[in-house]
Every structure is written in structure tokens, then in C-alpha cells.
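Heads up, the thing below is written out as C-alpha cells.
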Protein chains: 2
Amino acid sequence: MPPLATSLNTWQSVQTEVLRRIRARIWKPGEPIPNEADLAREFGCARTTVNRALRALAESGIVERKRKSGTRVALHPVGRAVFEIPLIRKEIEDQGRRYGYTLVCANEAAAPSRVAYALGLKGDGTTALHVLAVHLADGQPYVLEDRWINLSAAPGALRADFTAQSANEWLLENAPYIGGELVISAAACGEAEAALLDLKEAAPVLILERTTWGENRPVTTVRLWYRPGHRLISPLVS
Amino acid sequence: MPPLATSLNTWQSVQTEVLRRIRARIWKPGEPIPNEADLAREFGCARTTVNRALRALAESGIVERKRKSGTRVALHPVGRAVFEIPLIRKEIEDQGRRYGYTLVCANEAAAPSRVAYALGLKGDGTTALHVLAVHLADGQPYVLEDRWINLSAAPGALRADFTAQSANEWLLENAPYIGGELVISAAACGEAEAALLDLKEAAPVLILERTTWGENRPVTTVRLWYRPGHRLISPLVS
DNA sequence: GAGTGGTCTAGACCACGAC
DNA sequence: TCGTGGTCTAGACCACTCG
């Protein structure tokens, strides 16, 4: 390839040109593209600049890179949806609605097996802190929060006052998490949940289960029960 | 700050040290951290290296950066959940199950208003291609795909044979998308959907609605109805 | 062994935006 | 105005991995 007439000296312009060639099928899925040094020569820029552009494309899954074998156009460009997980209070306030919060209970109790497993609790009958609360938007139930907190990972939780501040916020300030897992599913809501959310029994609810880790162990696992009609929205890339 | 005894000369080690200080509350939420030049001096590395580390932290939402005002620890570290959206066939095969596919119908029809809106169709009664299909895992219904394709964006779809290849795959090969939107919700399934998915009416289903754009216009919008019990799983970061 | 991407450096200039 | 992050360059060395 001869050098281009006009050189591309920003990594964004290099990225755009590479994307154009991929979309125009000049470089086809599964095929290799020229190496960084060659592209730098063609585009009239430093190799570092090409590297930055291709690295960004690799992060979003458009191309795949391997040392020695080079860069190729991804065969099955996976789409990605990125959900932002804000504080529930922020989520409600950002909709321009008034936030409210009702604590149902907060007490130490034997963890059911699903919770013991998620929190990595060893013995049978180990206790954890159970917090049940309803978040309100404009006075109406918005989401039910059913949370278990690992007391060996966040002992301070026993002395926290969850009537004043939701467990959601207390944890964010006192035990920030490093990683975790989110599971989304749909289910018919049970009698107890229906009562707390002001729903008919067996109404279809959206359930989010989040388990989060601190330094090296699980800190908390929470089930969020959203009322029917709730929509999780996210942009889609690739 | 005096230079460290041992210098940190990889961007990963700089990132780790910065993270450590944030987690140890040496640098607190909302507060500014030293500028790149100072950190580079302290760590004994080039400013470029510090830049790379802080840029990565900014991308994952741990810090916020602005020219002139500098870098500060994010006040509300939003968590992010990243879902990968594979082909449905791959999703099933990756579970080690046998993939099957049944086309219910594929015909040009007047788009209902929700679809016309999503696809950006102008006039009333504009037609689009409607494709209804069931994806099977081990012979059992797995998900119902209710798709509408914008014929002005993908005219070739009229001549495609959707009995042999799902619309999902045809579109990925013939009209790759650039961006879009994903909406997740729960609902009680209707009579028609229940029959196709082999469910009782009003069973709680998980609904994914994806609308995707090509160069400059919407290409397709699809509703996926997943059977009760289906779980969407994703890692959680920050 | 040799080719490729991954990264570091030192220096430079620029663009944004708070003051 | 001017400090801060954003980026480019040219050169260098290293790490992985294929043949």
C-alpha cells in the first residue's frame, strides 16, 4: 500500500478509516489486516497512534489481536450492552420523582442455603444480616430490596442504622465493592412480595440478583424485585 | 511527595497503587488527586505511563478527569454490568445443547405503530418485513423471536430464505449494526406466545427488545420472549 | 528464531476550561 | 491567562507465540 495523500494523525481518524474498511468488506471477517508498522507507514503516522486505534477496536470486540499472528477482523462480532447500576435513590431522583424508603426488617438470622452459597459461608447455620426494605417513588412502592450481608466481611453493618440510610447506600460508603455478578430473570411474585409491593399475587416481576465481592470475599447478595412494567434500558454497541 | 523507593514503571502497577490509595481512603471520594506530572515524579516513571493508568480508571468510572481542574475520585462510583449478546444459535450451543429453529411466518405487513416508531418509518401503513420464529434447545422451545425488518435499510431481506437461516444470522452477515438500544422487562405472556413457547398463558416471561441501527437509520427491531426461569448473567465491575 | 503486538520514555504541542 | 489532561512522535526493548 502506498502512503495516503493526506495523512491520518489522530488515533480517532485511524480508527474511523479502519472501521470503514471493515464495513466496506475491504477487510473481511476472519481475515488478517496489515500489521501496525505497515499501517503506520500507509497512514503517515507513528506506530503508537495505530496501536491506540487498534487497541480500542479490540476492546470493543471488532478485531482480535494476538502477538506474532497479528490482528484480524472478528468473526462473530458480539454485541455488548452496558448497564449502569446507580444507587436506587439516584435512579428514582433522576426520573424526577420523589424518593422514599421503608425498612421492613433488619436482623441477624441463619442464612438460607442459597445465601450461604453466594456469600461463601462455611458452616451450616452461620448467621448473616438480613435487611428487607421497600424503595418508594412518589410514595408508591418502586422496588423491593431483599439483602443479606456477610458479617465477617462487613462487621460494622450490625451497628448501622438502616432506618435512616438504606443498606444500599451504607454499603457503598463503608464497603465499596471490587467485582461481582448480576443475574436478571423474570418470575411470578409470591404472596409476601406482592403485599410489600402492592401487587396482585403471581404478577410478573423483574428480578435482579447482585452478589458483590470486596477485597477477597463476598460482601453482600441482594435480590431486587421490580414491579411489572419496569424497563431496564441500555445502549448497545458494536 | 518524595519519589518512591522502588519505581513503578508499568501502567498496571501505577493503576494498582492509585486504586490502593483510593480504597485506603488516602484519596477520598470527591477529592482531587495529584496531577499527572507530580505522580510521574513520585512513581519514577514517564507521564505517559501515569496517563495510561488514570485513563483506564476513568473509563471504568473510578475517577473523573477534566482538563484544567484535574482528576478526582468519583463521588458515586457507578457499577457497570456488561452483557455480551451472542447469536442465539451460539448461546444455545455454548450451553452444550442441540440447536433447532422453526420459522412461523415471514411476510411483508403493515407495521404496527410501535414498530413504525422504532424503525423510523414515515407514513402511516408503511410496510416492513415481519419474521416470527422459535429457537429450540434440545428440541424444546427456548426463545420466541418476533422481528421486524426495515425494508428500505435492508431490501435484500425480501429475497432471503429464512427457513434455512434465522433472521438473526442473516442480518449479522448482511446488515451489521453499528449501535442500538436494549430494553429488558418482565411481562405475563399472551395466548399466542404461550402456544408457541409451550407455556401456560400468563406465565412470567423475560422480554428483551433490541432495536439496531445501520449507517444512519434503524434496520431492525426484535422482541425476544424467554421462557420463565431463563437467567441473564453478567459480571459486574467497579 | 523471528515476527508481532505491548509497553516505556522523553519531549513536544495542543485544546479545553476554570479563574 | 495558564494549568491540566489529551495526544503525537521516534525510538527502544520486551513478551508472547507460531513455525
Task: Exercise: identify the closest heavy-atom pair between Glu181(B) and Leu236(A) - done: N-CB, 3.8 Å
Task: Any Thr49(B) side-chain nitrogen or oxygen under 4.0 Å from OP1 or OP2 of dT9(C) - done: yes
Open item on the list: Counting only side-chain nitrogens and oxygens, does Thr71(A) get under 4.0 Å of the OP1 or OP2 atom of dG5(C)?
Closed with: yes
Starting from [atom2] on [N], measure out to [atom1] on [X] and report it in whole angstrom.
{"X": "Arg55(A)", "N": "dT7(D)", "atom1": "CZ", "atom2": "C1'", "value": "12 Å"}
{"X": "Asn9(B)", "N": "dA12(D)", "atom1": "CG", "atom2": "C1'", "value": "15 Å"}
{"X": "Leu39(A)", "N": "dG5(C)", "atom1": "CG", "atom2": "C1'", "value": "12 Å"}
{"X": "Arg41(A)", "N": "dT9(D)", "atom1": "CZ", "atom2": "P", "value": "14 Å"}
{"X": "Glu36(A)", "N": "dT9(D)", "atom1": "CD", "atom2": "P", "value": "13 Å"}
{"X": "Asn51(A)", "N": "dG11(D)", "atom1": "CG", "atom2": "P", "value": "17 Å"}
{"X": "Leu8(A)", "N": "dT7(D)", "atom1": "CG", "atom2": "P", "value": "16 Å"}
{"X": "Leu54(B)", "N": "dG6(D)", "atom1": "CG", "atom2": "C1'", "value": "12 Å"}

TODO: Identify the residue among Leu54(A), Thr71(A), Thr48(A) that makes a side-chain contact (heavy atoms from CB on, under 4.5 Å) with Glu36(A).
DONE: Leu54(A)
Open item on the list: Does the plane of the ring in His135(B) sit parallel, tilted or perpendicular to the ring in Tyr101(B)? Use 30° and 60° as the thresholds.
Closed with: tilted
Students often get this wrong, so: under 4.0 angstrom with heavy atoms, is [X] touching a base, only sugar-phosphate, or nothing?
{"X": "Gln12(B)", "result": "sugar-phosphate"}
{"X": "Arg52(A)", "result": "sugar-phosphate"}
{"X": "Thr48(A)", "result": "base"}

Side chain of [X], heavy atoms from C-beta onward: which of [options] has the nearest atom to it?
{"X": "Trp11(A)", "options": "dC8(D), dG5(C), dC16(D)", "value": "dC8(D)"}
{"X": "Arg47(A)", "options": "dA12(D), dG11(D), dG17(C)", "value": "dA12(D)"}
{"X": "Lys66(A)", "options": "dG5(D), dC18(D), dT7(D)", "value": "dC18(D)"}
{"X": "Ala46(A)", "options": "dG5(D), dC8(D), dT9(D)", "value": "dT9(D)"}
{"X": "Asn35(A)", "options": "dG6(D), dG5(C), dT9(C)", "value": "dG5(C)"}
{"X": "Lys68(A)", "options": "dA2(C), dA18(C), dG5(C)", "value": "dA2(C)"}
{"X": "Arg67(B)", "options": "dG6(C), dA10(D), dC16(C)", "value": "dC16(C)"}
{"X": "Arg65(A)", "options": "dG5(C), dT7(C), dA10(C)", "value": "dG5(C)"}

Open item on the list: Could you measure the distance from the CG atom of Leu19(A) to the CD1 atom of Ile178(B)? Nearest 0.5 Å is fine.
Closed with: 8.0 Å
Task: Flag, side chain of Thr220(A) to backbone of Trp148(A), donor-acceptor distance under 3.5 Å - done: yes
Open item on the list: Heavy-atom count check: over 12 atoms from other residues, nucleotides or ligands less than 6.0 Å from Arg114(A) CZ?
Closed with: yes
